[in-house]
Amino acid sequence: MATGGGQAAAQPGTAALSKRIAGFLRSNGSRVVLHVDLDAFYAQVEMVRTGSPEDQPLCVQQWQGLIAVNYPARAKGIKRHCTVQEALALCPDIKFVHVATYSKGDHEARYHEDPKYATHKVSLKPYRQASARIFSIIERFVPPAHGVVERASIDEAYAELTEIVNRRIVAKFCAIADGPNGIERATAAWEALEYDEDGPEVEWGPDTCVVGLPDPPKTGDENESTPPERRTRGWQDYQLAEAASLVLDIRQAIRNELGYTCSAGIGSNKMLAKLVSALNKPAKQTALRTGAVLEFMRDLPFTKIRNLGGKFGEEVEAAYGAKNVSDLWKYSREQLQTRLGAQPGSWLYDAVRGVNSDEVVRRNMAQTMMAAKSFRPSVTSMEEVKHWLDVLGWEIHDRITEDFEANGRWAKTLVLHLKSPSLDKSRTCAFPPRHMCDGDIIAARALEMIKSEGEAKALPLMRCSLSAGGLFGDKGNGTIARFFGKKMDATADSGKEGAHVLEGDADVGRLEADGCEQDEDTDNPDNKNIATSSDLNSTSPSIKSFFASKPAIAIEETEEVPESFTCSRCGKSLLKSQQSEHEDYHFALDLSKESRVVLGGAGSGSGGSSVAGVKRKQPPGRSGTSDKKLTSFFKRE
Ligand code: TTP
Ligand code: CA
Ligand code: CA
């Protein structure tokens with residue numbers, strides 16, 4: 001049974017005790033945030049689906065590239081950028097699983113024997129479905145009444161755990177109140193901790209790695225007592241340890257119910273949780289005690305911090321000749337602000353001290369879905385065009401049906417985009433009503449639009465996409481939710497990573513490099529990386545309206561593209577190499593929007609983010625108008 005909020009026993013006097021403990025934790029504790037990331041995600045989905053033994057090296061293949069490598073294969077030296085041949089040389093008994101694809105006549109994606117780039121189209125549906133199941137488990141433990149789950153990518157989530165953790169602590173003491181003289185005993189137990197100046201002692205369990213403490217003993221003896229060097233003191237540690245036990249439950253549920261392992265980071269904000277979640281991959285969880293934050297960050301290259309990996313990080317490096325986080329400690333907030341601008345300077349001052357007030361945000365569902373294919377070489381006959389309309393039509397149908405089952409909504413518009421030497425144009429028509437819709441009908445409508453544009457102009461066709469738009473109404477209580485027997489949140493069961501795309505959409509291309517077939521983003525012909533999409537959900541026509549609502553989760557269908565990434569904020573599909581810069585852009589945008597000073601996240605109510613136990617009010621410089629530097633970020637985009 002998932003224990004989201006914890007139940008206070010209904011004993012007389014417990015209400016007052018609950019209130020007292022909750023109030024104490026609010027003012028003496030800190031915020032607790034979780035970051036979860038699945039280990040070798042696509043590879044695990046294929047391991048479970050194919051019943052592959054845990055120690056069998058396995059790679060997920062997309063054409064000739066590897067997009068996911070499981071840990072046994074990594075142990076043999078195989079990496080994501082290896083070719084199939086290189087992987088075979090390193091590990092002759094490696095198992096390859098090609099991602100599911102659509103071929104002509106397929107009404108849904110299948111695991112084809114020998115899919116070809118020229119005739120098939122990648123589908124990430126199995127991973128979206130696995131993702132939805134994982135998220136529904138996390139949400140069971142973090143119900144919306146007391147926490148927030150933010151889907152950060154297809155295999156990553158943040159969760160605001162502060163209130164849930166505090167409720168669990170309250171529940172623990174109130175449980176003592178059961179029985180004769182219960183309330184006296186519960187109050188005494190609480191006061192013994194509350195009045196202890198050093199704070200409560202915390203024993204870190206064997207399942208949690210704690211930054212700065214020795215690794216847990218590997219004896220596997222559950223009854224063994226916690227070694228003294230794995231005991232600490234303090235209220236923030238107490239909360240983190242409580243969170244660690246909850247996170248262990250979540251990870252075990254994912255493992256037991258679905259068969260997947262994941263890694264997790266637990267800290268006092270999103271930035272820190274994410275920084276530590278990959279420290280002990282795979283299948284481990286890591287906690288960062290607030291008292292250990294500065295020591296942990298001291299020698300960290302500052303570019304590891306979110307938003308400092310790209311252009312902004314380069315500017316900081318150029319301005320200060322800094323490499324590590326601690327190189328930036330000697331500058332005052334004002335100095336950083338003078339050089340970098342009021343908001344970026346202030347943000348940086350906080351970030352290098354582990355202070356970050358980003359909220360965990362529940363994201364809206366996508367309102368548009370796109371299936372796209374780029375052609376290298378271009379398609380030269382209408383026969384071939386029809387083949388692809390058929391494939392794209394059935395893909396859209398498959399996904400829209402899946403979405404209907406989960407969310408009870410149906411598209412209103414069908415948008416066709418064509419790119420040829422003489423055409424770069426979108427046309428829109430009504431989406432076929434649900435009771436008379438299938439992939440052939442969608443393809444036929446698309447063909448009509450091409451005909452009305454003029455077939456000759458469409459050829460040679462370089463790229464073609466179909467989008468289903470106007471997906472309004474987040475019900476979130478559809479059949480998939482019922483199937484799993486759980487209350488699923490509307491934002492989470494779309495099964496996709498994202499959603500609103502600003503005008504952009506992704507591209508598919510291909511290029512042979514080093515014997516490895518790769519796709520190339522056609523917007524970046526010089527880039528050797530593969531970039532494709534397939535599936536973006538687009539909606540908002542402008543940045544403004546996009547940010548007026550909470551951004552939906554970006555869709556991950558980076559179809560045929562090992563080295564692409566899809567922005568979880570806006571759904572744009574970009575080259576991996578552009579990721580940092582793109583995140584800078586959102587960062588800048590966020591800063592300019594940040595007129596509110598929201599700290600502590602959902603439920604913490606503490607009014608300040610904290611590190612090392614020191615509560616901080618945000619400086620006035622955090623809010624305000626964008627300055628020149630920010631304007632330049634926007635221009636870059
Ligand atoms: P990641 O979380 O980056 O990687 P991973 O889950 O495979 O491995 P790790 O244990 O290190 O977290 O990506 C999640 C999935 O996204 C990955 O399994 C496959 C897909 N992906 C791509 O298709 N192309 C890419 O370039 C990357 C980075 C990921
Ligand atoms: Ca992962
Ligand atoms: Ca990830």
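Just so we're clear, the structure is a prediction, and the values are computed from it rather than from any experiment. Order of listing sets the numbers, starting from 1, for every ligand and every atom in it.
The shortest side-chain heavy-atom distance between Tyr117 and Phe375 does not fall under the 4.5 Å cut-off. Side-chain contact check for Gln285 versus His35: every heavy-atom pair is 4.5 Å or farther apart. The side-chain heavy atoms of Ile94 and Phe96, taken from C-beta on, include a pair separated by under 4.5 Å.
Ligand 1 lies nowhere less than 4.0 angstrom from a heavy atom belonging to Glu46. Ligand 1 does not have Tyr127 within reach: every non-hydrogen atom of the residue lies 4.0 Å or more from it. Using a 4.0 Å heavy-atom cutoff, Pro282 is absent from the residues neighbouring ligand 1.
Distance check, rounded to the nearest 0.5 Å: CD1 of Ile305 to CE of Met271 gives 5.0 Å. The structure places CD of Glu156 at 11.5 Å from SG of Cys262, a figure rounded to the nearest 0.5 Å. Rounding to the nearest 0.5 Å gives a distance of 6.5 Å between OG of Ser263 and CZ of Arg251.
Each of Lys274, Lys270, Arg306, Arg31 was checked for a salt bridge (charged side-chain N to carboxylate O under 4.0 Å, His left out) with Asp358, and the lone residue meeting it is Arg306.
When only interatomic distances are considered, the shortest N/O to N/O separation between Arg74 and ligand 1 falls below 3.5 Å. Residue Leu38 has at least one nitrogen or oxygen atom sitting less than 3.5 Å from a nitrogen or oxygen atom of ligand 1, judged on distance alone. Note: an N/O pair closer than 3.5 Å links Phe41 and ligand 1 by distance alone. By the 3.5 Å distance cut-off applied to N or O atoms, Lys281 is counted among the residues near ligand 1.
Aromatic rings of His112 and His120 (six-membered ring for Trp) have centroids within the 6.0 Å cut-off, being under it.
The aromatic rings of Tyr42 and Tyr127 lie parallel to each other, their planes meeting at an angle below 30°, with 60° marking the opposite boundary.
The existence of a salt bridge linking Glu402 and Arg128 is confirmed by a sub-4.0 Å separation between a basic side-chain nitrogen and an acidic carboxylate oxygen.
Every atom of ligand 1 is numbered from 1 in the order shown, and the set under 4.0 Å from a heavy atom of Ala68 is 18 (O).
At a heavy-atom cutoff of 4.0 Å, ligand 1 is contacted by no atom of Gln62, backbone or side chain. When heavy-atom distances to ligand 1 are checked against a 4.0 Å cut-off, Ile67 comes that close through both its backbone and its side chain.
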Pair Lys281-Asp37, salt bridge (Lys or Arg N to Asp or Glu O under 4.0 Å): steps then yes or no: CA-CA 9 Å; Lys281 258 184 175 290; Asp37 183 279; 3.0 Å; yes
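Distances from the Ca ion (ligand 3) under 3.0 Å pick out these protein N/O/S atoms: Asp37 OD2, Asp155 OD1, Glu156 OE2.
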